[in-house]
Amino acid sequence: MEEREERRGGGSGGGDAPNHIASVGGTYAIQAKQVELLARPAEVPDLPEPSVISLIATGIPPEAGYIEIRGTQGVRITTGPLAVPPTSSDSTNGVEIIVSEDQNVTIQRGVLPEVDQKIEMTPEGITIDAGAGTLTIKSLTQITLSVAEGLSTITLGPEGITIKGLLVQIN
């Protein structure tokens, strides 16, 4: 394993190195009862930069890189202020994705707008875009199903059911 410390600036040296880089030609393993990675702002930041942890797997061909995350009881992913929602829970059983009330959850398949499929949860409601049609749930009191890029819609709400389209036919 090759390790090197990168130092910036001049002078007589000393102090902590700002970067630590390790390169291994084979497997690099860390084993412990618990492992924690923490990215935090510098104590005396030169420039305000975000704290970031990146997990990236590359391969040859590019499709050969992947990341595996497994918990025998569960996997919990949270985002929000430091204490809310809590990062751990003894009741986690399966996969949990939890965000604070003012944040979004997005699951997207594809990168081209005409073929994308997306499920999005926002403070305004839930949208399921199947590519050719969209289901929007603004609350438990209004649900809209839209197809053909909005040319035909069915809305269920407290006022009743509204059907709009170029041709409306009820059997």
Side-chain angles (χ1 to χ4, degrees), residues 1-9 13 15-137 144-150:
M1 176 170 87
E2 172 191 334
E3 289 193 35
R4 69 176 198 247
E5 291 185 354
E6 189 177 297
R7 296 187 185 274
R8 293 187 218 161
D16 291 332
N19 296 310
H20 178 84
I21 299 169
S23 178
V24 178
T27 300
Y28 182 80
I30 299 172
Q31 294 183 6
K33 184 176 178 183
Q34 295 183 358
V35 176
E36 182 176 309
L37 298 175
L38 173 65
R40 59 168 177 73
E43 292 177 15
V44 183
D46 295 326
L47 297 171
E49 295 179 357
S51 298
V52 177
I53 295 175
S54 297
L55 299 175
I56 302 170
T58 62
I60 301 172
E63 296 82 20
Y66 54 91
I67 295 173
E68 298 170 335
I69 299 174
R70 180 180 188 92
T72 56
Q73 177 175 323
V75 175
R76 183 176 172 103
I77 301 168
T78 63
T79 180
L82 285 178
V84 179
T87 56
S88 67
S89 170
D90 292 337
S91 65
T92 298
N93 187 11
V95 176
E96 296 177 345
I97 300 173
I98 304 168
V99 304
S100 63
E101 290 79 8
D102 61 341
Q103 294 180 317
N104 301 340
V105 175
T106 302
I107 301 172
Q108 181 171 320
R109 182 188 158 279
V111 293
L112 301 173
E114 57 274 357
V115 294
D116 279 355
Q117 294 173 322
K118 182 169 33 172
I119 300 171
E120 194 167 33
M121 298 168 58
T122 67
E124 291 76 35
I126 301 171
T127 300
I128 301 172
D129 185 342
T134 302
L135 173 64
T136 303
I137 303 171
T144 301
L145 174 61
S146 171
V147 295
E149 296 183 0

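Source: prediction; values computed, not measured.
The structure places CD of Q117 at 10.0 Å from CD of Q108, a figure rounded to the nearest 0.5 Å. The OG1 atom of T78 sits 11.0 Å away from atom CD1 of I97, with the distance rounded to the nearest 0.5 Å. In this structure, OG on S91 lies 5.5 Å from CD on E96, to the nearest 0.5 angstrom. With rounding to the nearest 0.5 Å, the separation of CD in E120 from OG1 in T127 is 6.0 Å. For the atom pair CD1 (I53) and CG (L37), the distance works out to 5.0 Å, reported to the nearest 0.5 Å.
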Dump the intermediate steps for side-chain contact (heavy atoms from CB on, under 4.5 Å) on T87 and R76, then the final yes or no.
CA-CA 7 Å; T87 56; R76 183 176 172 103; 5.9 Å; no
Run the numbers on T79 and Q103 for side-chain contact (heavy atoms from CB on, under 4.5 Å), then give the verdict.
CA-CA 8 Å; T79 180; Q103 294 180 317; 3.2 Å; yes
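The minimum heavy-atom distance linking S51 with A39 is given by the pair CB-O, 3.4 Å. Listed here is the closest heavy atom pair of S100 and P85: N-CD, 4.2 Å.
No side-chain N or O of T106 forms a donor-acceptor pair with one of N104 less than 3.5 Å apart. Defined by atom type and a distance below 3.5 Å, a donor-acceptor pair is missing between the side-chain atoms of S146 and T144.
Of the possible polar contacts, one joining the Q73 side chain to the D90 backbone as a donor-acceptor pair under 3.5 Å is found. At least one donor-acceptor pair closer than 3.5 Å links the side chain of T122 to the backbone N or O of E124.
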